[in-house]
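All values below were derived from every heavy atom in this structure, side-chain atoms included, with hydrogens, water molecules and symmetry-related copies excluded.
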2 protein chains.
Amino acid sequence: MRFSKQRELIKNIVQTTNLHPTADWIYKKAKKNISNISLGTIYRNLSQLNQDGIINIIYDNNKARYDWNTVSHDHLKCNKCGDITDIHMHTEELQKKVWNQYKFEADNIEINITGICNKH
Amino acid sequence: MRFSKQRELIKNIVQTTNLHPTADWIYKKAKKNISNISLGTIYRNLSQLNQDGIINIIYDNNKARYDWNTVSHDHLKCNKCGDITDIHMHTEELQKKVWNQYKFEADNIEINITGICNKH
DNA sequence: ATAGTAATAGGAATTATTACTATTTATAAA
DNA sequence: TTTATAAATAGTAATAATTCCTATTACTAT
């Protein structure tokens, strides 16, 4: 992968927020530095960074969100404010359980919990 | 809720498959009965049926899928064939744990597991 | 049966994402 | 340094997924 200042910027934006931003949010933020950056560049680089294991993609309803946290983890999503919080809920045990019960070879486990967060 | 033959048809389509179909799949199937049915009608009724607790919505990457199974459950998704299988993995305990650890009032918990299923 | 009205339908519009192409740029070899 | 070249970019068009808008229709009370 060749260097590009656009990719560096995009990576930096994702890695310095806990907001699980959407492509559009990242696009707006990136434009402040590179005013003619294209939305296609945002999407291309985000999926490239994801493929290289540098960032994670999570799906919030029908929108992709991007997460600097590449360690397998779980999410709490608040129905009131929409905030998404990273948590650790699942253990290695779960993977074994899935294998024993269903002969399913799990490579990723994600627990998504919706409800009301502690700010309300 | 007023009767409509479109909604009856849509409900019936969802309730007679285990394929976790997308809106588009349901649309194509529905057109065989009501040829001028609109995709908007599909979406509107699917979310209405969901709100009334008659069907469930699950999110597979950035696509909504619809499930007749309204009891809280979890999913195995095979990376090879794309098949989604309903399983039961989470327990009431998890909800309590989320409350104790994060003071988060969970109303829905869903464990999504990807990997290779027992057909491969 | 008819009129009133709120729910529903179909189709248009919007939003999110991907694809395409001409141009620019990072990198490596001469 | 210059040159070759493959990868990346901006800009735009296309596609996919979902929501919005206005005419129509099911249902209720007369």
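- Within the 4.0 Å cut-off from OP1 or OP2 of C/dG10, at least one side-chain nitrogen or oxygen of B/Gln6 is found.
- You'll find that the side chain of B/Leu39 is closest to D/dT18, out of D/dT18, C/dG10, D/dA7.
- Between the C1' atom of D/dA17 and the NZ atom of B/Lys28 lies a distance of 12 Å, rounded to the nearest Å.
- Among the atoms of the strands shown, only primed sugar atoms or phosphate atoms (P, OP1, OP2) are found under 4.0 Å from some heavy atom of B/Ser4.
- Using a 4.0 Å cut-off, no side-chain N or O of A/Asn62 falls inside it from OP1 or OP2 of D/dA17.
- A donor atom on one side chain and an acceptor atom on the other are found under 3.5 Å apart for B/Asn79 and A/Asp107.
- Remark: D/dA29 base-pairs with C/dT2; criterion is Watson-Crick or G-U wobble with both hydrogen-bond distances under 3.5 Å.
- Separating the CG atom of A/Asp24 from the P atom of C/dT18 is a distance of 14 Å, rounded to the nearest angstrom.
- Rounded to whole Å, the distance from CD1 on A/Ile34 to P on D/dG11 is 12 Å.
- Each of B/Arg44 and B/Ala64 was assigned the nucleotide of DNA chain D with the nearest heavy atom; the assignment lying further toward the 5' end belongs to B/Ala64.
- Using a 4.0 Å heavy-atom criterion, one finds that A/Phe3 contacts the sugar-phosphate atoms exclusively.
- Of the candidates C/dA16, D/dA17, C/dG10, the closest approach to any side-chain atom of B/Tyr43 belongs to D/dA17.
- One atom, OH of A/Tyr27, and another, P of C/dT15, lie 15 Å apart when rounded to the nearest Å.
- Counting non-hydrogen atoms under 4.0 angstrom, B/Asn45 reaches the backbone sugars and phosphates but no base.
- The line from OG1 of B/Thr16 to CG of B/Asn18 is 9.5 Å long, rounded to the nearest 0.5 Å.
- OP1 or OP2 of C/dT8 sits under 4.0 Å from a side-chain N or O of B/Arg7.
- At least one side-chain nitrogen or oxygen of A/Thr41 sits closer than 4.0 Å to the OP1 or OP2 atom of D/dA10.
- Atom NZ of A/Lys28 has 12 or fewer heavy atoms from other residues, nucleotides or ligands within 6.0 Å.
- Per the geometry, CG belonging to A/Leu46 stands 12 Å off C1' belonging to C/dT17, to the nearest Å.
- Using a 4.0 Å heavy-atom criterion, one finds that A/Ile37 contacts the sugar-phosphate atoms exclusively.
- Following rounding to the nearest Å, A/Arg2 (CZ) and D/dA6 (C1') show an atom-to-atom distance of 7 Å.
- Side-chain contact between B/Ile116 and A/Phe104: absent, with no pair of heavy atoms (C-beta onward) separated by less than 4.5 Å.
- Between the CD atom of A/Gln48 and the P atom of C/dA19 there is a distance of 14 Å, rounded to whole Å.
- Side-chain rings of B/His75 and B/His20 approach one another, their centers coming within less than 6.0 Å.
- Atom CD1 of A/Ile57 is separated from atom C1' of C/dT18 by 13 Å (rounded to the nearest Å).
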